[in-house]
Amino acid sequence: MLSDPKTFLPEVSNRTSPLVLGIESSCDETGVGIVRGRHLLANVISSSMEQHARYGGVVPEVAARAHLEALQPAIREAVAQAGVSLADIDAIAVASGPGLAGALMVGIGAAKALAVALNKPIYAVNHLVGHVGADVLGPEGPFDMPAVALLVSGGHTSLLLVRNMVSDVELLGETIDDAAGEAFDKVARILGLPYPGGPEIDRLAAEGDPTAIRFPRGLTLPKDLAAHRYDFSFSGLKTSVARWVEIRRDAGEPVPAADVAASFREAVVDVLTAKAIAACVDLGTPRLLLGGGVTANRRLREVARQRADAEGIDLRIPEFSLCTDNGAMIAALGAELIMAGQPGSSLNFGADSTLPATLVHVT
Amino acid sequence: MILAIDTSAGTSVALVSREGEVLAHWETGDTMRHAEVVGSAIARVLADSGTDAADVTLVAAGVGPGPFTGLRVGLAAAVAFATARDIPLLSTVSHDAIARGYFAGLGRESQASGLMVVTDARRKEVYWSVYSGLSDGIPARAQGPALAKPEELAKPEELEPVSGHSDSLVRIDAGSVSAADLALVALAEHAAGIVREFEPLYLRSPDVTFSAGPKRVVQ
Ligand SMILES: [Zn+2]
């Protein structure tokens with residue numbers, strides 16, 4: 001009697017250069033990617049961002065409905081792009097957390113059925129560590145470890161110490177309130193700019209003076225640094241921007257939107273890069289990897305580059321299609337796990353919206 | 001062979017031959033663990049019936065009505081299985097499976113009564129459908145599926161006549177949907193050339209509030 005569902009799935013047959021299909025559905029992007037070992041074959045991303053625009057932020061139910069609709073076309077397109085057949089796939093990888101539970105469950109349901117239908121093993125992997133996994137697909141090959149990873153998006157803002165991508169990841173710090181991307185969206189609303197806020201603020205900030213207004217840098221005072229050296233907070237910054245704008249509007253004064261945008265962006269970028277660089281220096285780890293959708297921000301890349309150069313830190317920023325949420329990074333992490341000899345997941349895992357970064361994959 | 005998956009209530013998965021013989025069936029009434037159990041449920045019906053995944057030629061997906069998060073898990077699994085094996089995906093209304101089970105259980109002579117199927121929609125609401133009988137194995141749905149508050153649900157005598165026997169409408173409140181019955185409805189519809197578009201029957205809009213602009217922080 002087959003009572004243990006784990007026995008339903010076979011072992012990986014190819015551990016040297018596995019062909020892995022990865023599914024990502026933790027937020028508003030449905031991603032299906034295919035890799036062979038460290039070689040990227042397909043990266044299909046379908047975003048429901050436009051559907052969220054009128055609500056000013058990601059609506060979990062809208063995102064989950066869009067995942068289900070996008071699933072079949074994305075799988076088919078990825079297979080076509082990769083020039084492989086589904087029967088050739090060696091393993092399935094899927095992000096099982098952290099993220100929006102209802103959204104994650106769509107990818108999980110699909111990934112499990114794919115694994116059973118193809119009789120292939122499944123790897124339930126950590127979305128955050130997946131952002132680190134994206135790096136191995138770049139032209140320069142895998143980064144030396146250990147490295148510090150700064151992962152910034154609308155859903156997360158985390159600082160990790162990665163000693164080994166598949167077996168030893170430590171969470172140094174994370175946001176204690178809003179994610180950095182969320183702060184961009186909220187400040188964009190204050191300034192009457194459309195969603196998503198990141199690109200809008202970036203565009204407007206280009207014409208503004210980043211030193212015009214000194215907005216607070218969250219958790220950087222000595223008393224905060226004691227307990228939150230590598231943690232972030234953006235809620236106070238957002239409130240501070242709102243207050244500054246309201247006072248001008250109440251007084252009938254014009255609001256210099258470009259200066260507000262530039263000064264706000266500078267505050268976010270300053271804290272993100274200062275803490276990431278400090279971690280590299282403190283830990284004697286001269287390697288910094290960026291990931292997440294907010295890395296599209298020009299100023300963040302610029303300041304990270306300047307500060308990394310000044311400290312002799314090697315900086316890695318994967319190309320944008322691999323920085324934003326995608327299935328290729330999930331497939332890449334799955335392939336790394338397989339090549340490192342790690343076992344697959346049992347079929348019993350569920351979505352874990354708060355999966356800790358230290359858990360690289362769920363067995 | 002047809003693989004049927006329904007997560008509109010609990011999780012139910014069945015493997016049925018093209019001739020309508022139920023080869024394996026697995027289900028749980030747990031309405032909170034669809035994502036956890038759906039994969040092993042599929043693996044189990046294949047293993048229990050000694051079937052290779054490659055021998056499955058059709059997939060039936062229970063499209064609801066059902067509460068969204070759970071419903072979607074089964075639909076995602078059904079879509080993925082059909083895509084992986086490159087076989088047709090048949091969209092089947094979950095209430096139709098309940099109706100089929102009821103009518104088939106009655107036997108041939110006693111199908112004179114109409115049927116109202118009611119299932120839990122959560123948030124103190126129910127999903128309902130009305131049937132007039134079974135025709136060539138396909139439940140004849142006269143009304144629904146629709147969403148209502150239990151107290152607003154029409155009493156049998158208030159419903160529009162169901163082909164002549166509105167006065168003998170039977171109501172069943174179902175807590176589960178059988179994937180085996182779903183498979184049988186799907187096979188009957190497939191044989192009759194009935195093709196339904198793949199569309200989840202959420203019957204409810206997402207919970208969203210339009211932004212009224214940012215809140216003031218200066219009081
Ligand atoms: Zn992400």
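Throughout, a chain's letter reflects where its sequence line sits, starting with A, and its residues are numbered from 1.
Considering only heavy atoms from C-beta on, B:Ile42 stays 4.5 Å or farther from A:Lys112 through its side chain. Looking at A:Val106 and B:Val73, their side chains never come closer than 4.5 Å, going by heavy atoms from C-beta outward. Within the 4.5 Å cutoff, the side chain of A:Asp250 has heavy atoms near those of the B:Arg216 side chain.
Shown here for A:Met105 and B:Thr69, the closest heavy-atom pair between the two residues is SD-CG2, 3.6 Å. Taking every heavy atom of both residues into account, B:Ala80 and A:Ala110 meet most closely at CB-O, 3.2 Å. Pairing each heavy atom of B:Val38 with each of A:Gly109, the nearest pair is CG1-CA, 4.2 Å. Closest approach of A:Ala117 to B:Ala84, counting heavy atoms only: CB-CB, 3.6 Å.
If you measure heavy-atom distances from A:Ile190 to chain B, the contacts under 4.5 Å come from both the backbone and the side chain. Contacts between B:Thr7 and chain A at a heavy-atom distance below 4.5 Å are absent for every atom of the residue. Only the side chain of B:Leu46 comes within less than 4.5 Å of a heavy atom in chain A; its backbone stays farther off.
Counting heavy-atom pairs closer than 4.5 Å to chain A, the top residue among B:Ala76, B:Pro200, B:Ala78, B:Gly39 is B:Ala76. Of the listed residues (B:Ala41, B:Ala77, B:Ala53), the one with the most heavy-atom contacts under 4.5 Å to chain A is B:Ala77. Note on A:Ile247, A:Leu118, A:Val245, A:Ile122: by heavy-atom pairs under 4.5 Å with chain B, the leading option is A:Leu118.
For residues 58-81 of chain A, heavy-atom neighbours of chain B at less than 4.5 Å comprise A:Val59, A:Glu61, A:Val62, A:Ala64, A:Arg65, A:Leu68, A:Leu71, A:Gln72, A:Ile75, A:Arg76, sorted by residue number.
Partners of A:His52 under the ring pair (Phe, Tyr, Trp, His ring centres under 6.0 Å) rule, at least two apart in sequence or in another chain, do not exist in this structure.
A donor-acceptor contact shorter than 3.5 Å links the side chain of A:Glu246 to the backbone of B:Val218.
Around the CD atom of B:Glu151, the shell of radius 6.0 Å holds more than 12 heavy atoms that belong to other residues, nucleotides or ligands.
Taking CZ from B:Arg72 and CD1 from A:Ile108, the interatomic distance works out to 13.0 Å, rounded to the nearest 0.5 Å. Within the model, atoms CG of B:Asp86 and CG of A:Leu86 stand 8.5 Å from one another, a figure rounded to the nearest 0.5 Å.
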